[in-house]
Each structure stands twice: as C-alpha cells, then as structure tokens.
Amino acid sequence: PTLAPSATSPLLTSAKDSDFLFRTTLSDVVQGKELARLVRESGATRAAVVYLPDAYGQGLLDAFASAFGVQNVFAQPIQDQAISYLDQLEALAEDADVLVAIAYPKEAQVFMREALDGNLFQRYYLSDALRSTDLARLLGNRLDGVTGTSPGTPQDSDSRRAWDAAYRAEYDALPTIAYVRSAYDATIAVAL
C-alpha cells in the first residue's frame, strides 16, 4: 500500500491501483471548486491562470476551469527554470483582472515578482503548494492581501483547533508549509 499525504491530482481517484493507493488530503476537484468560489466572490468574471503542465497543475487547472467556467479562464503553462514570464503575463492581463497561480515556490517567485512589480492584476490567488513562508520571503513579504487555498480541515473546526493546539504545545509555532497535518494523519494511519 501507498499512502500519500500531498497527492492531490484528480487522476489518482480513478487510478488502476488494485486498491493499494490512498491519500490523506482532498482531490484537487475540491480545491478547484474552492478557488473558483474565492475568485467569483471577489467579483471577477475572467481569470488568468499560470500553471505547471504536470498532473498537479493540469488537474487543478481543469477543476478550477470547470467550476469557474471554461470560457472565462485564460491559461498559460509555465516552464521550469524560465528566466521571465513577463510577455505571457502581460498578454494574460489583457484578458483578465485576476491571476490564479498553480505552481511551486521556485517557479512562482519569478512570475509573481513580475506580476506584482508590473501591477498587472487587481487580485492574486495562490494554490495550496504556494502556501509557503519561503515564497513570502523570496517576494519580500509582498503577499499581503493575496488569497489562497490550503489543504486540511477548516480553521474553525474542533479537530483543527485541537491539532493546532497540540502542535503549538510541542513546537511553539504552527507549521509553515502545506501538508504537515495530512503527513501526520498518513503516519498515524500507517502505524494503525
């Protein structure tokens, strides 16, 4: 058996795994709907999406576009190790007021810096993998007002409050990267 704490690709739901593949986090079908809800609640009707063209990025893009309305999503895949995405960002800004980023901190630091420096979009939305203090630090802590998704249970749930209290008691802080909670769940499930 394999138990993945951070595998969110919708493709895993239908994988031919002989019932040996499990995850302790939600599918990106759920995250895509939540991202669409957040963007829609801002009043935006057209969204630019910069995404990684892999199972994670494509799966989350598809889920977001399906929930938001495919005709209102303008997507641009990004390449690893690119020096600049400015031309693509400027083209996307002509079609949309908000930017949804589906990537990892290493790639996002480049295109987010360019988008923020150019004030290209009115609002920014980050996927779960970008919930990172490293990204905030790399961008000079310029992410105030940026909205994003995060894996796990709602912050106001009893189980979340209990988990946070126990973690804080042990480490004197909360985790600064995504999927720590689901990694604990995976470890406990394997032990059981």
Side-chain angles (χ1 to χ4, degrees), residues 4 6-12 25-152 176-179:
S6 62
T8 60
S9 173
L11 297 175
L12 295 179
T25 192
L26 295 172
S27 163
D28 280 332
V29 169
V30 175
Q31 182 181 186
K33 289 178 184 176
E34 183 63 13
L35 269 172
R37 182 189 65 78
L38 291 170
V39 173
R40 201 175 303 108
E41 284 180 356
S42 77
T45 57
R46 297 180 308 162
V49 179
V50 176
Y51 71 101
L52 288 171
D54 61 7
Y56 164 67
Q58 188 66 56
L60 184 48
L61 167 65
D62 293 346
F64 172 78
S66 175
F68 192 72
V70 175
Q71 69 281 4
N72 298 320
V73 174
F74 304 89
Q76 175 66 51
I78 59 170
Q79 296 176 352
D80 189 20
Q81 306 295 325
I83 296 171
S84 175
Y85 300 99
L86 190 56
D87 291 342
Q88 296 96 323
L89 291 167
E90 289 175 341
L92 288 169
E94 292 177 13
D95 294 318
D97 298 325
V98 301
L99 177 68
V100 176
I102 302 173
Y104 300 112
K106 179 179 160 188
E107 295 84 16
Q109 69 172 319
V110 176
F111 69 78
M112 285 296 295
R113 178 175 285 115
E114 291 177 329
L116 290 165
D117 286 349
N119 198 27
L120 298 177
F121 299 92
Q122 292 175 5
R123 292 194 50 92
Y124 297 87
Y125 297 87
L126 306 179
S127 66
D128 56 344
L130 294 175
R131 184 182 174 103
S132 162
T133 54
D134 290 341
L135 179 61
R137 183 183 42 76
L138 290 167
L139 293 175
N141 295 313
R142 295 173 34 195
L143 295 179
D144 285 344
V146 172
T147 304
T149 56
S150 168
T176 58
I177 56 173
Y179 299 108

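Because the structure is predicted, anything quoted here is derived from the model rather than measured. All heavy atoms count here, side chains included; hydrogens, waters and symmetry mates do not.
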side-chain contact (heavy atoms from CB on, under 4.5 Å) assessment of L26 paired with Q31:
CA-CA 8 Å; L26 295 172; Q31 182 181 186; over 6 Å; no

Rounded to the nearest 0.5 Å, how far apart are [atom1] of [X] and [atom2] of [Y]?
| X | Y | atom1 | atom2 | value |
| --- | --- | --- | --- | --- |
| Y51 | D62 | OH | CG | 8.0 Å |
| T147 | E41 | OG1 | CD | 10.0 Å |
| Q76 | Y85 | CD | OH | 10.0 Å |
| F74 | E94 | CZ | CD | 11.0 Å |
| K33 | T149 | NZ | OG1 | 14.5 Å |
| Y125 | E34 | OH | CD | 11.5 Å |

[X] versus [Y]: any side-chain heavy-atom pair under 4.5 Å?
| X | Y | value |
| --- | --- | --- |
| L52 | P77 | no |
| V39 | F64 | yes |
| R123 | D97 | no |
| V50 | L89 | yes |
| V49 | L60 | no |

Might you point out which heavy atoms bring [X] and [Y] nearest each other, and give the distance in Å?
| X | Y | value |
| --- | --- | --- |
| L86 | E114 | N-OE1, 3.1 Å |
| G57 | I102 | CA-CG2, 3.8 Å |
| L35 | L126 | CD2-O, 4.2 Å |
| A47 | A96 | C-CB, 3.6 Å |
| I78 | A103 | CD1-CB, 4.0 Å |
| P105 | A129 | CD-O, 3.6 Å |

Polar contact flag, side-chain donor to acceptor under 3.5 angstrom, N72-T45
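The answer is no; no qualifying pair exists.
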
Measuring centre to centre across the rings, with the benzene-like ring taken for any Trp, is Y104 within less than 6.0 Å of Y56?
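So the answer is yes for these two rings.
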
Applying side chain to side chain contact (heavy atoms under 4.5 Å, CB included) between Y124 and each of V98, V100, L130, L99, report the one that passes.
L99

